Amino acid sequence: MNIENVGGYTLKDLRKINVVLGKNGCGKSTMLRQIEQGLTSQGQVYGKSRYITPERGGTLIYTSGVEEAISKDINWMPVQRRKNLSDNFRQQSVAQYRKLETLILRAFEQDQSKTKFEPYIDKINSLLDNIEIKRDELTFKIFKKGTTDELNAGLISSGESELISLGIELLIFGKESDDDKENILFLDEPDVHLHPDLQMRLMNFLINIVTENNFRIIIATHSTAILGAL
């Protein structure tokens with residue numbers, strides 16, 4: 001990957017997965033946000049682009065106000081995510097889960113050779129050791145793995161919340177990507193709250209998703225475990 005900044009950022013020689021490695025405060029996040037905003041203005045050249053902020057707050061619960069804000073204003077979620085701290089990022093992920101489920105089920109209704117939704121649940125659960133998500137009428141509920149013991153979304157570990165949230169984000173971006181254009185996901189510090197073993201698991205998940213879908217990803221990180229996993 002080559003990044004040129006002459007009157008605006010230009011990306012060249014992108015691979016499927018690209019990594020910007022650097023210390024805190026060296027400008028990784030600023031650069032990614034500026035590139036993503038620049039791509040948004042080049043709609044004829046690029047398809048989907050999305051920036052995922054490094055400090056992802058909130059709880060994995062459904063909030064109607066968040067979903068309504070996303071549906072009413074296409075710029076609301078991108079603006080929220082370009083902040084260093086997105087207070088309701090995980091609520092946004094739950095709204096994205098609902099959208100993912102709708103897209104998958106509609107595709108299956110039109111063509112029953114398409115994959116049903118349950119394998120997508122299995123993909124998210126493959127990231128988790130001790131808990132699992134199960135569909136319910138509205139979105140999903142969280143259980144101790146292999147049991148019927150339901151868990152409070154606000155009480156699971158921050159790392160488990162991260163894995164569920166990022167799993168959803170990667171799946172929905174892959175599903176929404178434009179088949180005929182270049183799609184780029186900017187993932188800022190996916191290592192937050194994750195043990196190095198879980199960072200490796202997330203990278204394996206990511207590799208599978210970008211292999212199956214038409215998008216590229218640029219990761220900004222200061223984790224050598226991320227780099228080693230890739």
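Predicted model, so just to flag it, every value in this text is computed and none were measured.
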Indicate, with yes or no, if Phe173 and Ile184 share a hydrophobic cluster defined by side-chain heavy-atom contacts under 4.5 Å among Ile, Leu, Val, Met, Phe, Trp and Tyr.
no
How many angstroms lie between CG in Leu202 and CD1 in Ile219, if you round to the nearest 0.5 Å?
8.0 Å
What distance do Ser223 atom OG and Asp191 atom CG have between them, rounded to the nearest 0.5 Å?
4.5 Å
When rounded to the nearest 0.5 angstrom, what distance separates OG1 in Thr53 from CG in Leu32?
11.0 Å
How close do Ile70 and Ala95 get, counting heavy atoms only, and between which atoms?
CD1-CB, 3.9 Å
Among Asn18, Leu185, Asn183, Val19, side-chain contact (heavy atoms from CB on, under 4.5 Å) partner for Ile217
Leu185
Just to verify, what does Met200 make a side chain to side chain contact (heavy atoms under 4.5 Å, CB included) with, not counting sequence neighbours?
Asn204, Ala229
Check whether any side-chain N or O of Lys48 sits under 3.5 Å from a backbone N or O of Gly174 as a donor-acceptor pair, and report yes or no.
no
First locate atom CG of Leu103, then atom CD of Gln96, and finally report the distance between them rounded to the nearest 0.5 Å.
9.5 Å
State, with a plain yes or no, whether a side-chain heavy atom of Leu128 is found less than 4.5 Å away from one of Leu163.
yes
Is it true that Ile172 and Val66 fall in one hydrophobic cluster, defined by side-chain heavy atoms closer than 4.5 Å?
no
Closest non-hydrogen contact found for Ser86 with Gln92 is OG-NE2, 3.4 Å
Just so I know, are the side chains of Lys134 and Ile121 near enough to count as touching, which here means a heavy-atom distance under 4.5 Å?
no
Of all the heavy-atom pairs spanning Ala153 and Ser161, show the shortest one and how long it is.
O-OG, 4.4 Å
Joint hydrophobic cluster, Ile52 plus Ile207, side-chain heavy atoms closer than 4.5 Å:
yes
Test log, rule side chain to side chain contact (heavy atoms under 4.5 Å, CB included), inputs Arg90 and Glu162
CA-CA 8 Å; Arg90 290 169 186 162; Glu162 283 289 293; 2.8 Å; yes
Tyr51, Met31: one ILVMFWY side-chain cluster at the under-4.5 Å cut-off?
yes
Within this structure, what is the CD1-CZ distance for the pair Ile124 and Phe140, rounded to the nearest 0.5 Å?
7.0 Å
How close do Pro54 and Val192 get, counting heavy atoms only, and between which atoms?
O-CG2, 3.4 Å
Within 45 degrees of the ring normal and closer than 6.0 Å to the centroid, is that where the cationic atom of Arg98 sits relative to Tyr62?
yes
Any donor-acceptor N/O pair, Gln91 side chain to Thr59 backbone, under 3.5 Å
yes
Checking Ser29 against Asp188: is there a side-chain donor and acceptor pair closer than 3.5 Å?
yes
Heavy atoms of other groups near Arg106 CZ, more than 12 under 6.0 Å
no
In sequence, state the C-alpha distance, the side-chain angles, and the governing distance for Lys145 and Asp129, and then conclude on side chain to side chain contact (heavy atoms under 4.5 Å, CB included).
CA-CA 8 Å; Lys145 184 159 279 190; Asp129 283 327; 5.9 Å; no
Working to the nearest 0.5 angstrom, can you tell me the gap between Arg82 CZ and Met77 CE?
10.5 Å
Closest approach of Asn214 to Asp178 (non-hydrogen atoms, all atoms of both residues):
ND2-O, 2.8 Å
Tell me, which pairs form a side-chain hydrogen bond (donor to acceptor under 3.5 Å, both in side chains) where one or both residues lie in residues 118-128, sequence neighbours left out?
Lys123-Glu212
Using modelled atom types and a 3.5 Å cut-off, is there a donor and acceptor pairing between side-chain atoms of Arg201 and backbone atoms of Leu127?
yes
Check: Lys16 side chain, Phe215 main-chain N or O, donor-acceptor pair, under 3.5 Å
yes
For the hydrophobic clusters of this structure (ILVMFWY residues joined by side-chain heavy atoms under 4.5 Å, transitively), does one cluster hold both Phe117 and Phe108?
no
Distance alone, cut at 3.5 Å: any donor-acceptor contact between the side chains of Ser93 and Glu169?
yes
Using the side chain to side chain contact (heavy atoms under 4.5 Å, CB included) rule, take Glu182 and Tyr46 through it: C-alpha gap first, then chi angles, then the decisive distance, then the call.
CA-CA 5 Å; Glu182 189 87 281; Tyr46 291 95; 3.7 Å; yes
Can you name the closest pair of heavy atoms from His222 and Gly22 and give their distance?
CB-O, 3.0 Å
With a cut-off of 6.0 Å (strictly less than), are more than 12 heavy atoms of other residues, nucleotides or ligands near NZ of Lys144?
no
Leu166 and Leu206: CA distance, side-chain angles, deciding distance, side chain to side chain contact (heavy atoms under 4.5 Å, CB included) verdict
CA-CA 10 Å; Leu166 291 177; Leu206 185 152; over 6 Å; no
